[in-house]
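Reminder, nothing fancy here: chain letters follow the sequence lines and each chain counts from 1. Fair warning: this is a prediction, and the values are worked out from it, not measured in the lab.
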Amino acid sequence: MINKTYRTSLEALQDVKDGDVIMFGGFGLAGIPQNLIRALYEKGTKNLTVISNNPGSRLGDDEYGLAVLFKAGRVKKYIGSYPTATKSFKELYDKGEVELELVPQGTLAERIRAGGAGIGAFYVKTGAGTLLAQGKEIRIIEGEQYILEYPLGADFAFIKSYKGDIYGNLVYRYTGANFNPLMAMAADITIAETEELVDAGVLDPGTVHTPGIFVDRVVKGERYDRWYE
Amino acid sequence: MINKTYRTSLEALQDVKDGDVIMFGGFGLAGIPQNLIRALYEKGTKNLTVISNNPGSRLGDDEYGLAVLFKAGRVKKYIGSYPTATKSFKELYDKGEVELELVPQGTLAERIRAGGAGIGAFYVKTGAGTLLAQGKEIRIIEGEQYILEYPLGADFAFIKSYKGDIYGNLVYRYTGANFNPLMAMAADITIAETEELVDAGVLDPGTVHTPGIFVDRVVKGERYDRWYE
Amino acid sequence: MIAGMSEKDMARRAAQEIEEGFYVNLGIGMPTRILDFIPEDKTVFFHTENGLLGMGGFAKKGETHPDLVDAAKQPITCIKGASFFPSDISFAMMRGGHIDLAIMGAYQVSEKGDLANWTAPGMLPSIGGAMDIVAGVKKIIILMTHTTKDGKPKIVSTLTYPVTGFKCVSMIITNLCVLDVTDKGLLLKELAPGVSLQEVVGTTGTKVIVPEGF
Amino acid sequence: MIAGMSEKDMARRAAQEIEEGFYVNLGIGMPTRILDFIPEDKTVFFHTENGLLGMGGFAKKGETHPDLVDAAKQPITCIKGASFFPSDISFAMMRGGHIDLAIMGAYQVSEKGDLANWTAPGMLPSIGGAMDIVAGVKKIIILMTHTTKDGKPKIVSTLTYPVTGFKCVSMIITNLCVLDVTDKGLLLKELAPGVSLQEVVGTTGTKVIVPEGF
């Protein structure tokens with residue numbers, strides 16, 4: 001009897017350690033693993049490398065999602081596409097307290113997919129000739145300039161689904177998928193929090209977005225904040 | 001009012017011409033565009049380059065699917081992973097009447113996806129050091145040998161779905177997806193035949209497998225053969 | 001400072017470039033106002049790079065969902081015939097040449113159609129999807145004020161801001177005019193109501209080709 | 001020719017290598033017989049490269065569907081908790097190192113674990129997913145007869161058939177014995193009932209390391 005579920009978010013991530021590389025699904029606040037983020041904050045893990053489209057989100061004067069980890073000084077390096085999403089990141093960056101690897105959003109998605117799919121490296125036109133191509137290998141393919149991009153991997157991926165079953169099969173909702181299914185493939189250990197947890201056989205096999213093979217642990221999220229009225 | 005539907009398979013492919021490169025979805029007989037294949041046979045188009053996992057399928061003494069095009073001498077080149085699926089291909093090949101580019105199945109899928117996703121080229125370990133790597137560029141990445149693979153494109157992709165709407169959104173069934181969603185992305189013109197044709201808004205946006213942007217024409221398949229008892 | 005078109009008028013003008021059945025990506029900010037000027041009977045599929053084709057308008061209070069947002073993280077709705085997908089597929093649509101049109105803002109555009117719209121010297125850089133868009137979308141239209149707030153030209157001979165993409169812009173719509181980017185340079189296509197040719201030429205940092213009739 | 005284990009016994013022996021919760025790809029032919037020897041209470045996810053995790057058994061007459069087949073194009077069923085996906089994701093599972101175990105046939109295996117199982121000199125070549133499997137699956141077990149039909153060794157010092165992959169095989173199960181592929185060479189692990197050490201050594205085309213106790 002296989003059952004990948006954990007009782008609490010904190011138990012699900014008990015073996016995360018200082019210095020780990022962690023991918024976090026989500027775009028803005030859509031599809032972020034908010035319970036795993038809270039649990040990781042409680043646990044106090046530090047010196048993290050965070051891979052995520054944005055380092056948290058700002059709504060009005062408040063910051064949500066990953067911002068809590070940055071503000072608490074737990075992150076030494078951030079890899080993503082949209083660091084200006086929060087003021088807290090900018091403050092740390094200006095003080096030289098966090099390292100930044102800026103990656104175009106589509107290249108970020110593709111590098112993560114490559115990490116999960118056994119692609120050794122790939123060429124894209126995105127960014128060719130710009131500041132973001134500095135130090136990258138160039139190749140001319142059919143008369144156009146491409147740059148070489150390498151895969152991204154991680155010790156853990158923290159992802160979020162709408163529905164999940166005990167085998168780790170996941171279904172996302174609306175724009176909640178975004179980077180989640182890619183990160184599920186790319187990390188050594190993938191932990192999925194899910195709004196609804198169901199038994200094997202409840203999800204229609206044809207509508208599963210992330211097959212359970214890519215998911216090591218599943219936990220029913222303790223609390224789901226809604227940020228919009 | 002956008003409506004991508006055509007009245008018949010023959011009308012949907014009226015502008016295919018001799019010498020075109022055509023991708024055909026399907027694995028074995030699952031998910032093959034059987035009505036488009038029949039219509040293309042009727043139309044008489046020749047000198048085709050066919051990209052498909054297998055050049056038709058053999059069940060008992062009979063051959064189905066793409067075999068009809070090969071037998072009629074319409075194909076000058078075949079790119080795929082499993083040419084031994086039919087006797088008719090072997091006969092043509094032995095007589096030197098068809099050219100073969102043999103591609104490992106996973107590399108075939110990835111090259112087609114690359115063609116649709118704007119990836120200029122990519123590295124995989126698959127086939128490194130074997131006969132299928134002959135003439136291919138080698139790169140050592142983290143101590144392991146990879147070979148460089150280029151994208152595949154086509155003039156047309158002929159694909160098959162279970163359900164499709166008038167905008168070209170498609171849903172596949174069981175193992176009927178296989179190469180279909182990838183080919184939809186990779187060809188200049190994608191024609192989808194579908195078992196059931198529905199109006200816009202009938203399909204749940206969260207269960208659409210191929211977004212309509214990748215599909216230019218949709219036709220309700222005239223006849224669906226079932227090959228198994 | 002010369003007024004020319006309002007933001008609303010600029011959005012209305014840009015909306016005219018959107019054809020029936022187009023797949024369109026709208027940048028954050030002013031371009032999202034274009035949504036208000038698409039006629040009800042015109043089918044257009046708006047793409048948001050976070051994973052939706054068929055964005056509707058913004059969601060009303062009480063009808064928002066935290067998992068349904070646009071690229072600017074605003075709560076939105078979706079139309080009949082929409083579809084959701086993960087980020088790799090969303091960017092395959094852009095980089096792979098499937099999106100018909102993107103309409104974005106800019107810091108600078110050069111006479112060759114080079115674009116600078118992702119960062120400025122001294123800023124914390126963010127890139128989002130801007131470079132992916134210019135790497136593959138079939139047509140790029142820039143919607144921006146003709147000059148900076150302090151009256152400096154944003155349309156220039158050579159970019160001084162960091163480049164997003166080279167030779168990627170097809171058309172520029174500003175409060176003063178509409179310009180086509182051609183092999184020969186920037187071609188004046190329309191003047192905004194009440195704006196003179198001299199005003200356009202005087203506030204453009206490079207040569208403008210003026211056809212007969214202006 | 002020495003009989004040793006029947007095909008059924010070989011499949012039963014191979015089934016023992018499959019652990020609870022494993023994601024497993026079975027090659028066409030003899031390996032599919034392993035399905036018959038997985039206990040009801042053991043959860044195993046069988047992968048078919050045409051896009052299914054959680055293959056059940058073969059479909060009965062009247063319960064087949066043309067869109068539900070395995071990699072050998074046979075009509076099949078699926079288990080509770082199965083999932084379907086396109087070919088790129090299916091091969092990402094293999095090449096990306098997510099499948100725990102693949103059990104395949106072979107023409108030849110070398111003492112280093114090099115594998116030849118895709119084509120033979122003079123044959124029309126077909127490759128299917130064989131090279132993708134050996135490029136990424138965590139563990140490869142070969143299930144085959146110890147010798148060719150005319151008694152020639154299939155386990156050799158160096159392959160003479162075209163290579164599928166290098167140093168990729170971990171274990172060989174034949175009708176005569178079970179061998180582990182180690183850094184030092186092929187290590188005898190088990191003899192089939194009624195088979196002598198001399199029979200194994202005499203029909204193997206390279207050195208077999210025989211631990212004490214045999």
Side-chain angles (χ1 to χ4, degrees), chain A residues 25-32 34 53-54 57-59 80-85 89-90 93-94 100 102-110 112-114 124-133 145 160 162 172-182 195 209-210 224-229, chain C residues 28 48-52 55 58-78 82 84-97 114-116 118-119 123-136 161-168:
Chain A
F27 177 96
L29 296 168
I32 62 165
Q34 50 176 296
N53 185 63
N54 38 285
S57 272
R58 189 175 170 77
L59 288 177
S81 92
Y82 214 73
T84 50
F89 184 87
K90 184 172 161 45
Y93 185 77
D94 287 346
L100 169 64
L102 191 64
V103 185
Q105 194 179 156
T107 299
L108 182 66
E110 199 65 19
I112 295 167
R113 180 185 178 278
V124 286
K125 279 192 271 188
T126 312
T130 74
L131 288 177
L132 295 190
Q145 221 182 84
K160 188 257 175 182
Y162 167 39
Y172 309 101
R173 182 178 41 189
Y174 307 139
T175 54
N178 56 69
F179 290 87
N180 284 300
L182 310 171
E195 286 187 46
H209 294 128
T210 290
Y224 283 97
D225 289 346
R226 296 177 68 99
W227 301 276
Y228 308 107
E229 287 173 49
Chain C
I28 290 172
T48 61
E49 60 252 42
N50 51 319
L52 165 62
M55 178 173 71
F58 293 104
K60 293 177 197 151
K61 276 190 185 179
E63 292 174 10
T64 65
H65 192 285
D67 277 348
L68 184 46
V69 298
D70 70 1
K73 289 101 179 176
Q74 294 303 306
I76 53 164
T77 61
C78 64
F84 296 105
F85 34 82
S87 300
D88 66 319
I89 297 297
S90 190
F91 282 89
M93 290 176 188
M94 302 214 269
R95 202 179 38 227
D114 298 344
L115 173 65
W118 68 285
T119 195
M123 265 176 78
L124 165 66
S126 261
I127 178 63
M131 286 188 185
D132 306 284
I133 288 173
V134 302
Y161 276 52
V163 179
T164 309
F166 297 93
K167 294 187 182 175
C168 56

Exercise. Do A:Glu229 and C:Thr64 come close enough that some side-chain heavy atom pair is under 4.5 Å?
Worked result: no

Problem set entry | Proximity breakdown for A:Phe179 and chain C, heavy-atom pairs closer than 4.5 Å | both

Exercise. Where does A:Gln34 contact chain C at under 4.5 Å (heavy atoms): side chain, backbone, both or neither?
Worked result: neither

Problem set entry | Residue pair C:Trp118 / C:Pro125, side-chain heavy-atom distance below 4.5 Å | yes

For this session: Quick one: which of C:Gly129, C:Ala135, C:Ser87, C:Pro162 has the most heavy-atom pairs under 4.5 Å with chain A, could you say?
Result: C:Ser87

Exercise. Would you call A:Asn53 and A:Asn178 a side-chain contact if the rule is heavy atoms closer than 4.5 Å?
Worked result: no

Problem set entry | Side chain, backbone, both or neither of A:Val103 within contact of chain C (heavy atoms, under 4.5 Å) | backbone

For this session: May I ask you to check whether A:Tyr162 and A:Tyr172 place their ring centers less than 6.0 Å from one another?
Result: no

Exercise. Hey, are the side chains of A:Tyr174 and C:His65 touching, using non-hydrogen atoms and a 4.5 Å cut-off?
Worked result: yes

Problem set entry | Between A:Ala85, A:Ala128, A:Pro104, A:Gly28, the one whose heavy-atom pairs under 4.5 Å with chain C are most numerous | A:Pro104

Seminar exercise, completed: If you tally heavy-atom pairs under 4.5 Å between each of C:Gly165, C:Ala72, C:Gly128, C:Pro75 and chain A, the highest tally belongs to C:Gly128

Seminar exercise, completed: Of the listed A:Ala177, A:Gly176, A:Gly80, A:Ser57, the one with the largest count of heavy-atom pairs under 4.5 Å with chain C is A:Gly176

For this session: Name the member of C:Leu68, C:Ile89, C:Val163 that forms the most heavy-atom pairs with chain A at distances under 4.5 Å.
Result: C:Leu68

Exercise. Of the backbone (N, CA, C, O) and the side chain (C-beta and beyond), which part of A:Leu100 lies under 4.5 Å from a heavy atom of chain C, both, or neither?
Worked result: side chain

Exercise. Side chain, backbone, both or neither: which part of A:Glu110 has a heavy atom under 4.5 Å from chain C?
Worked result: side chain

Problem set entry | Part of A:Arg173 lying under 4.5 Å from any heavy atom of chain C | both

Seminar exercise, completed: A:Thr126 and C:Arg95 have their tightest heavy-atom pair at OG1-CD, 3.6 Å

For this session: Could you check which of C:Ala71, C:Ala92, C:Ala82 has the highest count of heavy-atom pairs closer than 4.5 Å to chain A?
Result: C:Ala71

Problem set entry | Close side-chain approach of C:Asp132 and A:Thr107, heavy atoms under 4.5 Å | yes

For this session: Go through the atoms of A:Leu29 and report whether side chain, backbone, both or neither lie under 4.5 Å from a heavy atom of chain C.
Result: backbone

For this session: Using a cut-off of under 4.5 Å on heavy-atom pairs, state which of A:Val124, A:Thr130, A:Leu102 scores highest against chain C.
Result: A:Leu102

Exercise. Looking at side-chain heavy atoms only, is the closest gap between A:Pro181 and A:His209 below 4.5 Å?
Worked result: no

For this session: Measure across C:Leu124 and C:Thr119 and return the closest heavy-atom pair with its distance rounded to 0.1 Å.
Result: O-OG1, 4.2 Å

Exercise. For A:Asn54, is it the side chain, the backbone, both, or neither that has a heavy atom closer than 4.5 Å to a heavy atom of chain C?
Worked result: side chain

Problem set entry | Close side-chain approach of A:Ile32 and A:Phe27, heavy atoms under 4.5 Å | no

